[in-house]
Protein chains: 2
Amino acid sequence: MAVGRKKIFNEEVALKAAMEVFWEKGYIGASIAELTQRMGINKPSMYSTFGNKEALFILASKLYAKSKIECLSAALNQADLPLKQRLKTYMMSIVAVQCESETTKGCYLVQCQTEVASGDIPAEASQLLNNTVDYVQKLLEAILSNDQESKRLGFDKEAKVKAFCLSVTLRGTATMARCGHPKSELEAVIDHSLRGIGFE
Amino acid sequence: MAVGRKKIFNEEVALKAAMEVFWEKGYIGASIAELTQRMGINKPSMYSTFGNKEALFILASKLYAKSKIECLSAALNQADLPLKQRLKTYMMSIVAVQCESETTKGCYLVQCQTEVASGDIPAEASQLLNNTVDYVQKLLEAILSNDQESKRLGFDKEAKVKAFCLSVTLRGTATMARCGHPKSELEAVIDHSLRGIGFE
DNA sequence: TATCAAATGTACCGATCGGTACAGTATTAT
DNA sequence: ATAATACTGTACCGATCGGTACATTTGATA
């Protein structure tokens with residue numbers, strides 16, 4: 001058994017709170033003071049548990065990727081549903097995440113990636129953000145390349161550019177969600193976007 | 001004639017330099033130190049000429065709106081060209097601005113609007129940013145509502161939602177441009193987007 | 001040439017940034 | 001009980017933030 005005084009907080013709960021702050025404020029905008037306050041711990045506890053701001057950010061980003069993005073992928077492979085419907089369900093599930101908060105937040109990744117271009121985010125964290133954003137696009141591309149229905153429609157030949165278009169749309173909805181536009185308004189955009197790559 | 005020592009710098013040149021910095025770094029990310037350095041002046045000159053950071057930001061934002069956005073509107077009203085072509089030319093001219101820099105910047109407005117949601121930008125400046133972003137969408141909506149060809153196609157009945165879709169696309173391309181995607185890659189997205197609202 | 005307004009450069013202000021030293025307190029092992 | 005260990009709280013570090021006081025320099029006016 002571990003010796004010494006027990007931690008008074010739960011690491012997972014604290015990390016989730018940190019993720020929320022980074023989501024709202026970005027990497028630079030999230031101060032250690034606000035982070036620790038919202039995490040319910042004080043600075044030495046944060047530093048001893050998570051290392052430093054960058055390490056905390058990397059953990060928070062991984063948590064976002066896992067709990068808010070990667071877990072949605074299954075919708076794309078529901079074998080019995082038409083491709084269009086699977087894509088719409090998947091994209092709308094991402095939009096739902098963008099709109100889920102009362103304090104409008106958009107997408108953690110899109111939010112923080114704008115800071116990458118500013119040179120404000122350390123290299124390792126930048127890489128992680130880029131990889132996760134890429135993950136969605138690659139996933140869409142893979143479906144459009146390999147799905148039977150997609151091949152039948154001839155979409156596999158333009159899978160890359162079509163996936164890119166859908167990805168652009170999702171980034172656009174992320175910025176809109178951050179400005180307070182509700183899911184209901186963004187649904188029409190997804191519909192039009194799917195039409196744009198050739199559905200109907 | 002004005003009495004006293006002459007200004008050693010040109011206000012317009014300095015303001016343009018400030019706009020570039022805000023464009024790259026956003027409002028919070030642009031420090032007074034970097035701003036004054038890139039403007040080629042020192043802090044007291046900046047404060048005596050422009051007031052403070054917020055006032056400088058408002059002037060820089062107005063300059064961006066005028067010199068990078070509003071001046072592009074004419075392309076939409078080139079009477080002899082088909083609507084689709086006018087829309088594409090207009091949207092691509094905005095994409096060109098998003099991609100114009102060697103240090104990739106995306107869109108000043110989209111960049112800074114994400115900071116509005118963080119509560120980092122003073123009220124007056126927020127309002128200005130929102131208005132300018134709204135300007136593009138309203139412009140698209142007006143064309144789709146009133147243009148003869150648009151009416152013939154029946155687009156005027158859904159002008160609002162179609163304009164919103166195009167606006168989302170342009171915000172998406174802005175975030176892509178900021179990540180280094182070139183204009184050539186984004187052109188296909190504009191084409192698909194126009195297809196999505198009913199062209200072809 | 002003397003005067004005076006305006007711009008400049010330096011040096012500083014308090015507040016906040018990310019990060020840490022250290023004393024105090026709780027917990028387990030001996 | 002006592003020692004060893006790990007977490008907590010306070011108080012601080014140097015660096016940077018936006019902003020300013022002030023002495024100096026410049027140049028037009030009188």
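It should be emphasised that the depicted structure is a prediction, and the values quoted were computed from it without experimental measurement. Order of the sequence lines sets the chain letters (A, B, ...), proteins ahead of strands, with each chain counted from 1.
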Within the pair [X] and [N], is there a side-chain N or O less than 4.0 Å away from OP1 or OP2?
| X | N | result |
| --- | --- | --- |
| B/Ser48 | C/dA7 | no |
| B/Ser45 | C/dA7 | no |
| A/Lys6 | D/dC7 | no |
| B/Asn42 | C/dG9 | yes |
| A/Tyr47 | C/dG19 | yes |

How many Å lie between [atom1] on [X] and [atom2] on [N], as a whole number?
| X | N | atom1 | atom2 | value |
| --- | --- | --- | --- | --- |
| B/Lys43 | C/dC13 | NZ | P | 13 Å |
| B/Leu56 | D/dG19 | CG | P | 10 Å |
| A/Met46 | D/dC7 | CE | P | 15 Å |

Pick the nucleotide of DNA chain D nearest each of B/Gly4 and B/Glu54; which residue has the one closer to the 5' end?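 With B/Gly4 and B/Glu54 compared, the 5'-side residue is B/Glu54.
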
Just so I know, are the side chains of A/Leu186 and B/Phe164 near enough to count as touching, which here means a heavy-atom distance under 4.5 Å? yes

Are any of the side-chain heavy atoms of B/Leu76 and B/Leu87 separated by less than 4.5 Å? yes

With a sphere of 6.0 Å drawn around CD of A/Glu100, does it hold more than 12 non-hydrogen atoms of other residues, nucleotides or ligands?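 Yes, CD of A/Glu100 has more than 12 neighbouring heavy atoms, counting only those of other groups under 6.0 Å.
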
By nearest atom, which of the nucleotides C/dG18, D/dG9, D/dG19 is closest to the B/Ile32 side chain? D/dG19

Does the C/dT25 base have a donor-acceptor partner in the side chain of A/Arg5 within less than 3.5 Å? yes

Just one of A/Lys162, A/Arg152, A/Arg86 clears the salt bridge (charged side-chain N to carboxylate O under 4.0 Å, His left out) bar with A/Asp147, so which one? A/Arg86

Which is true for A/Ile8 with a 4.0 Å heavy-atom rule: it touches a base, it touches only sugar-phosphate, or it touches nothing?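 Contact class for A/Ile8: sugar-phosphate only.
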
When the C1' atoms of the five terminal pairs at each end define the local axes, what inter-axis angle does the helix from C/dT1-D/dA30 to C/dT30-D/dA1 show, to 10 degrees? 20°

